[in-house]
Visitor: 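Have a look at this one before I ask anything.
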Protein chains: 2
Amino acid sequence: MTTLVEVARHAGVSKSTVSNVIQGRVTVAETTRRKVELAIRETGYRPNAIARSLRARTSHSIGMIVPDLNNPFHAALSVAVERAAKQHGYATLIAHTDCAPDIETEVSRALFERRVDAVVIAGLSTGSAMPTSLLDNGIPVVLASFGGLSDGRLGFVDLDDAAAMEAVVEHLFGLGHRSFAFVSQSYAEQSGERRRQGFEQALARRALSAVSREEATAIMAHNDLLALGLIDEIERGGRTVPFDVSVTGHDDIPLAAHSRIRLTTVRSDAQFMGQRAVELALRAVQAGGHVAHREIHTNPLVIRHSTGAAPR
Amino acid sequence: MTTLVEVARHAGVSKSTVSNVIQGRVTVAETTRRKVELAIRETGYRPNAIARSLRARTSHSIGMIVPDLNNPFHAALSVAVERAAKQHGYATLIAHTDCAPDIETEVSRALFERRVDAVVIAGLSTGSAMPTSLLDNGIPVVLASFGGLSDGRLGFVDLDDAAAMEAVVEHLFGLGHRSFAFVSQSYAEQSGERRRQGFEQALARRALSAVSREEATAIMAHNDLLALGLIDEIERGGRTVPFDVSVTGHDDIPLAAHSRIRLTTVRSDAQFMGQRAVELALRAVQAGGHVAHREIHTNPLVIRHSTGAAPR
DNA sequence: TTGAAAGCGTTACCAG
DNA sequence: CTGGTAACGCTTTCAA
């Protein structure tokens, strides 16, 4: 593996000079520059980012923490994050947690040891210690699409889940439904909890309260993936959606619009959120501080055909 | 950020000693060990993996190159890769390419500069220079689920696409179909090409040749995501699957089994493939060489309800 | 059993 | 404009 020194030797100059032409920050004589550039090409030299990081005390990498990439919404978010990061010259270290606290601990330790410059988190176990631990180590973190935390140092690209759930309940209520249930992830994710709260408040506002999944004529899922699973389960059980029971999701993953699915859901723009999260994170890195910024986006209800009039 | 030296000062020993207790490779007196461990805890010290990497000349990270994480199969593969890597103490750097040659170049450069110890590739543009370029730089690479390359240094966790396509065609032929079409990705991916070849051979064996999408009564998609899109398009156009046209996919993503979809497809075990790819890659890293190993898995046809008797 | 020192590949500060 | 030198934080001989 060729190093700077070898290039220098090859060009008959000092390593400082080679470094200078690479950085392009210092003026170097046209002729020497040419010699050096030639040497670089001839040796096929590629800078060692690790050495550079050590010296510069910045890894030019960010961590992406995601409960489960198999969830298309998380995948879309990750795609956006990686793209944006790459655009800024940052690499993306990805890590799953399954929303399991012990994996979260392990993962945030690993990312910290690798000195990621920032991390964006797509989902958290409820009561997770991860953000604080990262923050305390001086790493800016931004939460994309998440639940109820309140550390002032955090960055948020947040969703107005309460408003969304209100809109969903209103839609269903207008369709005549009076028996509602909410279903969330098998693992405990913060955003799931917050949506559930929004759901319950919307119900309370109408003097209703949640019933069991079996009794409900309308079931709201924490996300689209769950909603898809629900439809599958319901229809395998012999009932049909939306005639016997209405189902809604959350996220508007691409498949939700499929003609065989047509899921009523709340749209979130993963593309935008991921990009925005990186923007906030890198801005904080540059400023040498934390993000300390919250923005809340309110997402539209997308009405399709998984919801219909309440059966009577 | 606390460093080794600070821990050493804190404990009143030399940094070598601290390093020794951390590595645990050298015997160190019980009492000093205790002092050091205390100091580590008190200072909240976390080793700097970057410094460690520079010294050890190994980054303990692998690169995962993926055309598009929005494809559930790629996502599943990535999940498996990340999990396996994590288990071995390796971090995963993820990078998308969209199968665009210029992005591939950029991405492999970035991974090389970051000195990833190995890379696993989920998909490649046809005629991609990426594998060779990586290989030439001494980085072991393994291709998971891919097309027709033949560098002896490569590792392959490969699929028998020809056999798979033969099985699909046989199934459809038995159902009475005589007009077949194949559809692949908008971008040029190697594995797509190979499946198309398998498809055409299977046709030739029956003295048939491919027809246009519009004329076909059976359409084979390069992967499930495409097949889903196809079903959507066909049914929005007023025809129905499988009554007017049969559709098959490839991969068996979780949604393929959904009661609303029931896609006939070829199953690949992303979980297994990802894990195996990492295994091969890390084994090569340890041995200090290339993978130079090819294994071919033959995948079963899963018959569901997107295929039916040919219309007459 | 412990510590001093060299060095991994860079960058940055200063002299020359 | 160029080059020597000292870090960056760690591991690893090698002596003591």
Side-chain angles (χ1 to χ4, degrees), chain A residues 1-37 39-40 43-61 89 91 110 112-117 137-138 288, chain B residues 1-37 39-40 43-61 89 109-110 112-117 137-138 288:
Chain A
M1 204 132 316
T2 33
T3 72
L4 205 52
V5 239
E6 303 183 48
V7 175
R9 234 192 334 258
H10 205 87
V13 299
S14 80
K15 59 178 182 174
S16 318
T17 302
V18 178
S19 181
N20 284 336
V21 354
I22 291 175
Q23 306 304 307
R25 316 206 43 76
V26 174
T27 355
V28 21
E30 190 51 27
T31 53
T32 24
R33 139 165 299 119
R34 287 246 257 274
K35 268 194 304 187
V36 171
E37 279 166 351
I40 289 180
T43 56
Y45 169 71
R46 282 286 152 217
N48 181 327
I50 296 186
R52 205 174 252 187
S53 295
L54 180 59
R55 176 69 232 225
R57 340 193 77 230
T58 159
S59 63
H60 272 254
S61 66
F112 173 55
E113 292 193 354
R114 278 172 169 97
R115 298 299 189 267
V116 293
D117 292 338
N137 281 312
Chain B
M1 204 131 319
T2 34
T3 72
L4 247 199
V5 236
E6 304 183 48
V7 175
R9 232 189 340 254
H10 205 87
V13 299
S14 80
K15 60 177 180 171
S16 322
T17 303
V18 178
S19 181
N20 284 337
V21 355
I22 290 175
Q23 305 305 310
R25 315 206 44 76
V26 174
T27 355
V28 24
E30 189 54 28
T31 53
T32 25
R33 138 165 299 119
R34 287 248 257 274
K35 267 195 304 188
V36 171
E37 279 165 352
I40 288 180
T43 56
Y45 170 71
R46 283 284 151 217
N48 181 328
I50 296 187
R52 205 175 254 185
S53 295
L54 181 58
R55 177 67 230 229
R57 339 193 78 229
T58 158
S59 62
H60 273 254
S61 65
R109 197 184 48 68
F112 172 55
E113 291 193 355
R114 276 171 171 97
R115 298 298 188 268
V116 292
D117 291 339
N137 281 313

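Throughout, protein chains are lettered first and strands after them, A, B, ... in sequence-line order, and every chain is numbered starting at 1. Please read these numbers as outputs of a predicted model, since none were measured by experiment.
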Visitor: Looking only at the side chain of A:Ser14 (C-beta and beyond, no hydrogens), which of the listed nucleotides D:dT5, D:dG3, D:dC10 gets closest?
Guide: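 From the listed options, D:dG3 comes nearest.
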Visitor: Any side-chain donor paired with an acceptor under 3.5 Å for B:Ser19 and B:Ser16?
Guide: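 No donor-acceptor contact under 3.5 Å links the two side chains.
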Visitor: Need one value for B:Ser53: base, sugar-phosphate or nothing, where a base atom within 4.0 Å counts as base even if backbone is also close, heavy atoms only.
Guide: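 Result for B:Ser53 = nothing.
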Visitor: Under 4.0 Å: is that the gap between some side-chain N or O of B:Thr32 and OP1 or OP2 of C:dT2?
Guide: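 Checking C:dT2 against B:Thr32, a side-chain N or O does come within under 4.0 Å of OP1 or OP2.
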Visitor: Among C:dT10, D:dC8, D:dT2, which is the nearest nucleotide to the side chain of A:Leu54?
Guide: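 Among the listed nucleotides, the one closest to the side chain of A:Leu54 is D:dC8.
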Visitor: Please confirm whether B:Arg114 makes a cation-pi placement over B:Phe112, using NZ or CZ under 6.0 Å from the six-membered ring centre and within 45° of the ring normal.
Guide: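 No.
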Visitor: Please determine, for the side chain of B:Arg52, which listed nucleotide (D:dC1, D:dC10, C:dT11) has the closest atom?
Guide: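 Nucleotide nearest to B:Arg52's side chain: D:dC10.
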Visitor: Can you tell me which nucleotide in C:dT2, D:dT12, C:dT10 comes closest to the side chain of B:Ser19?
Guide: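 Of the candidates, D:dT12 comes closest.
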Visitor: Return the nearest nucleotide to the side chain of B:Asn20; candidates are D:dT5, D:dC10, C:dT2.
Guide: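 Closest nucleotide to the B:Asn20 side chain: C:dT2.
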Visitor: Kindly give the heavy-atom pair with the smallest separation between B:His60 and B:Gly89, and that separation in Å.
Guide: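 Here B:His60 and B:Gly89 meet closest at ND1-O, 3.8 Å.
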Visitor: Mapping B:Ser16 and B:Ala51 to their closest nucleotides on DNA chain D, which lands nearer the 5' end?
Guide: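 The residue closer to the strand's 5' end, by nearest nucleotide, is B:Ala51.
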Visitor: Side chain of B:Thr17, heavy atoms from C-beta onward: which of C:dG3, C:dA5, C:dT10 has the nearest atom to it?
Guide: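 That would be C:dG3.
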Visitor: Looking across every strand, which nucleic acid part, if any, lies under 4.0 Å from A:Ala56 by heavy atom: base, sugar-phosphate, or nothing?
Guide: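 The answer is nothing, as A:Ala56 stays clear of every strand by at least 4.0 Å.
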Visitor: Taking for each residue the nucleotide of DNA chain C with the nearest heavy atom, is it A:Thr3 or B:Val28 whose nucleotide lies nearer the 5' end?
Guide: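 Mapping each residue to its closest nucleotide by heavy atoms, the 5'-most match is B:Val28.
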Visitor: Mind checking if B:Arg55 touches a base, just sugar-phosphate, or nothing, with heavy atoms under 4.0 Å?
Guide: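 B:Arg55: base contact, heavy atoms under 4.0 Å.
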Visitor: Closest to the B:Val26 side chain: D:dT2, C:dT2, C:dC8?
Guide: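 The answer is C:dT2, which lies nearest to the side chain.
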